[in-house]
Amino acid sequence: MTRKNLIAGNWKMNNTIGEAVVLAQEISYDFYRDWLELVDVAVCPPYVDLKPVVNVFEFDHLKVGVGAQNVYWEPKGAYTGEISIEMLREIGCEWCIVGHSERRGLFGETNEDVNKKVKALVDGGIKPIVCVGESLAVRDEGSYLEYVCAQVRAAFAGVDEAAAKSAVVAYEPIWAIGTGRTATPEQAEEVCAAVRATLAEIYADKTADAMRVLYGGSMNEGNAALLLAEPDIDGGLIGGASLKAKSFIEIVKAAM
Ligand code: PEP
C-alpha cells in the first residue's frame, strides 16, 4: 500500500498573530499547488493564530491544512481555559495534535486523557495526530517498543475502526525533540513499524496498512529525505524547522 506522506508543522507557543500570518504567507508564496497531489501538508499554530492562518490559506486557495495543538473532549461548559472541538471545527481546523510529550510531561496529560481526546476528535470530524514516544531513560533501559506500543493501545482503546482511519500516529522520541539529536532512520523505522504492527493487532491489517505513522524529533531539511525513505515512516511532525518557511518547504519537497 502506498500511503501519501503528511508533513505537519508544530509551531508550539511561537508566533503572535502578525508573525503567524507572515509565516503562513511565506509558506504559501513558495508553494506549488501541484505538490498537494503528492503530499499532505498542515501547520499547527497556537489557538489565537488558527483563524488568521486559515484565512491566509483560504485567500490563496491553497489546501494546506490547519490544526490545533490541543483540545478538550467535553462539548461545552464550565472548563475555564479549554477549547472545544466544535470551536476548532467552526474556524476551519482539520487536524489536532494530541498527547504531545510536552503536554504529557509539562501539563500532566495521561494516556486516558489522550484516549478521550482521540475519541472526541474522531466523533467530531477532526483528524487527530496522536503523539507517542519514549524518554531517554526508557530507551536506555531497552523497553521502548513496549512503552510506545502501550501508548498506542491506550490512545486507540474503544476507537472504532472506521473512525481510527482518520487518525495518524506520530512517533516522537522525547530525547530527539528540540535537541538536535535526531533518531537514525533505522531507529525511527524500528519503532514506526512496531506502531503499525500494534495498529494491526487492534484493527484489520488493511486498516493498519492504510494509517499513516509519522516521525518527529529534530527533523529538518538535511535529514528528512533519509527518514522519509523508510517504509513505515509516512511523513513528519516538525517543530523547530517548521518555523522557517524555507526549511519547512524543503521538508515538504523531500516528502514528495
Ligand atoms: C515536536 O515538538 O513535535 C518536534 C518534533 O519538535 P522538533 O522538530 O523541534 O524536535
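Each of Asp205, Asp232, Asp209 was scored for a side chain to side chain donor-acceptor pair (under 3.5 Å) with Arg196, with one residue passing: Asp232. Checking Glu112, Glu82, Glu109 one by one against Lys117, the salt bridge (charged side-chain N to carboxylate O under 4.0 Å, His left out) holds for a single residue, Glu109. Each of Asp234, Asn5, Asp40 was evaluated against Arg212; a single residue qualifies, Asp40, per the side chain to side chain donor-acceptor pair (under 3.5 Å) test.
A donor-acceptor pair under 3.5 Å links the side-chain atoms of Tyr215 to the main chain of Ala183, judged by distance alone.
Taking 4.0 Å as the cut-off between side-chain N and carboxylate O, Arg33 and Asp60 do not count as a salt-bridged pair. Arg103 and Asp113 are not joined by a salt bridge, as no carboxylate oxygen comes within less than 4.0 angstrom of a charged side-chain nitrogen. With salt bridges taken as basic N to acidic carboxylate O contacts below 4.0 Å, one links Glu134 and Arg139. The existence of a salt bridge linking Arg89 and Glu94 is excluded, since no basic side-chain nitrogen approaches an acidic carboxylate oxygen closer than 4.0 Å. Under the 4.0 Å criterion applied to side-chain N and carboxylate O atoms, Lys116 and Glu74 are not assigned as salt-bridge partners.
Environment of NZ in Lys4: crowded, with over 12 heavy atoms of neighbouring residues, nucleotides or ligands closer than 6.0 Å. Annotation for Glu186: atom CD counts as buried by contact number, over 12 foreign heavy atoms lying within 6.0 Å.
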Pair Phe248, Ile7 - check side-chain contact (heavy atoms from CB on, under 4.5 Å), show working.
CA-CA 9 Å; Phe248 188 61; Ile7 299 296; 3.6 Å; yes

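Here the closest heavy-atom approach between residue Pro75 and residue Ser84 is recorded as O-CB, 3.4 Å.
Taking CG from Asp123 and CH2 from Trp73, the interatomic distance works out to 14.5 Å, rounded to the nearest 0.5 Å.
Side-chain contact, Ser143 with Glu141: a donor N or O sits under 3.5 Å from an acceptor N or O.
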